[in-house]
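Notes to accompany the following structure.
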Amino acid sequence: MTSPQQPQPQPEPHDTAAPGAAAPMPPAGAPEPPAQPPAEQPEPRPLAAHPQPEQPPAQAPVPPQAGPAPQEGGPAREAGTMMLQAQQPPVAPGKEAGTMMLQAQAAPQGAPLPPQGAPKDAGTMTLQAQQPPAAPPQQPPYQPQQAPQQQAPQPPQQQIPAAWQAAGPGGAAPAYVSPIPVRRTNLGHALASEWTKIRSVRSTLWTLGVMIVLNVGIGLMAAVAIAGLGHPTTVVFGSAWFGLLLGTLCVIPLGVLVISSEYGTGMIRTTFTACPSRGRVLTAKAIVLFGLTFVITTVSTVLVAVLHAGMIDGPAPTADQWLRATLGSGLYVAVLSLLALGAGTLLRHSAGAISAMMGLVLLPMLLAVFMLSSESLRPVAKAMIEYSVPNSLGALYDTAFMPGGPSGWQPLLILVGVTAVVLGGAYAALEKRDV
């Protein structure tokens, strides 16, 4: 805007004012400049966005004058400040508009006025570029609003107690003690584990169940058949072990499967991880298998012995005969199951260990039958029959096939010695071999 007291100046070629802004007019009485052909106006250029350093205004020297002289062409004008602002046209994005201010500084009061030909209002004109206003923050391009994703709730973080942080080798507080009681594992834990395994598998139920049925069933049928003859016998328990002999063929697979099944399924790795002491694991298996087999066999043999003693006529059995027909037979079958356990530990294969044990029980007797026809092989065949499992089991009931072989409790002692050797080899192999 221009002061209403000042005439509109004309733009000069060297004026740096922005296009479209009013230029100062020459004072009245001044010689008009010669007419010049209109020149092409240069294309307006926007001012720099950065402000220029402000320069101190330079005051033009005012010639001395004796006193105020009357001014021609109108009343005297007061010296003031003229501000000329030119607003830049809108610029392209990224360029900022500036402001140009033109100021005329008034002469000090009492100073002599310039001569008639000079401009009326003498002063200093200063061109200042004001700092443009701060550009508004650019908004990001429009993006469609998306539904806020529901974040899963995070569990609260538990703070570590200070007592735990202070504990340790370098801490001042003693080491942290868990409230959960920590107990050292022992043989009792291994026994509980093996008892859980052997009673939770179907093979135990089937093998022991079939053994009871064969022992009691065949023993009952033998007692009924002998009692029906009506002839007294010299040994009351002479035929009570026929069913038990077939029952041993069911106990042998149970002894093998107690450990070989874990090798087949890979469960043995978990067992040895939970109990690194492999000897303790084998001991627990042997105790559980021996105890279960001994109890089941002894109970069934006691039942068969009672049936024979009550149904068959003959001399009353002695205490030794009762012990060997009940307790001795139970021990014999239980030790035979431990022999099967040792074979399963050494071979680590169910079918192979069962086949080997069946051959040990039945093969010597079958081979000896064919070898008796030869005079040279008859002593060997006789020894094979005397020390075979069926003959040793019959010796406990005083009805052995060969009277010259082991008798009384000797068959049990021989089987215990053989089983101890096989189990010793199983312990040694289990500690040295990998799973």
Side chain proximity check, [X] to [Y], heavy atoms < 4.5 angstrom:
| X | Y | value |
| --- | --- | --- |
| L327 | F294 | yes |
| F401 | M365 | yes |
| I385 | L372 | yes |
| V304 | W241 | no |
| T248 | V389 | no |
| M358 | P253 | yes |
| L360 | L339 | yes |
| Y397 | V235 | no |

Backbone N/O of [Y] and side chain of [X]: donor-acceptor pair under 3.5 Å:
| X | Y | result |
| --- | --- | --- |
| N186 | H189 | yes |
| S337 | A334 | yes |
| S300 | T297 | yes |
| H308 | A305 | no |
| R278 | E431 | no |
| D313 | A227 | no |
| T419 | V416 | no |
| R433 | L346 | yes |

Do you know the tightest heavy-atom contact between [X] and [Y]?
| X | Y | result |
| --- | --- | --- |
| A286 | L338 | O-CD2, 3.4 Å |
| A340 | V256 | O-CG2, 3.5 Å |
| M371 | V380 | CE-CG1, 3.8 Å |
| Y332 | P411 | CE1-O, 3.7 Å |
| T301 | A325 | CB-O, 3.7 Å |
| F370 | S373 | O-OG, 3.1 Å |

Euclidean distance, [Y] [atom2] relative to [X] [atom1], rounded to 0.5 Å:
| X | Y | atom1 | atom2 | answer |
| --- | --- | --- | --- | --- |
| I218 | S239 | CD1 | OG | 11.5 Å |
| L393 | S388 | CG | OG | 10.0 Å |
| I287 | E194 | CD1 | CD | 10.5 Å |
| W409 | L331 | CH2 | CG | 6.5 Å |
| S350 | Y263 | OG | OH | 11.5 Å |
| L220 | L303 | CG | CG | 8.5 Å |

Sole residue of L289, L341, T271 in side chain to side chain contact (heavy atoms under 4.5 Å, CB included) with I259: L341
Could you go step by step and tell me if T207 and V251 meet the side chain to side chain contact (heavy atoms under 4.5 Å, CB included) rule? CA-CA 6 Å; T207 54; V251 175; over 6 Å; no
Looking only at side-chain N and O atoms, does T185 offer a donor or acceptor that is under 3.5 Å from a partner on R280? yes
If we count only N and O atoms by modelled type, under 3.5 Å, do the side chains of Y427 and T283 hold a donor and an acceptor together? yes
Evaluation steps, side chain to side chain contact (heavy atoms under 4.5 Å, CB included), between L362 and L249: CA-CA 10 Å; L362 301 177; L249 301 180; 4.2 Å; yes
Within 6.0 Å of [atom1] in [X], more than 12 heavy atoms from elsewhere:
| X | atom1 | value |
| --- | --- | --- |
| K197 | NZ | yes |
| Y387 | OH | no |
| H349 | NE2 | no |

Under the criterion side chain to side chain contact (heavy atoms under 4.5 Å, CB included), I'd like the reasoning laid out for D398 against R324: C-alpha separation, chi angles, the key distance, then a yes or no. CA-CA 9 Å; D398 295 332; R324 285 189 279 112; 3.0 Å; yes
Checking T204 against L292 for the side chain to side chain contact (heavy atoms under 4.5 Å, CB included) test, could you report, in this order, the C-alpha distance in whole Å, the side-chain angles of both residues, the deciding distance, and whether it holds? CA-CA 10 Å; T204 305; L292 181 61; 3.8 Å; yes
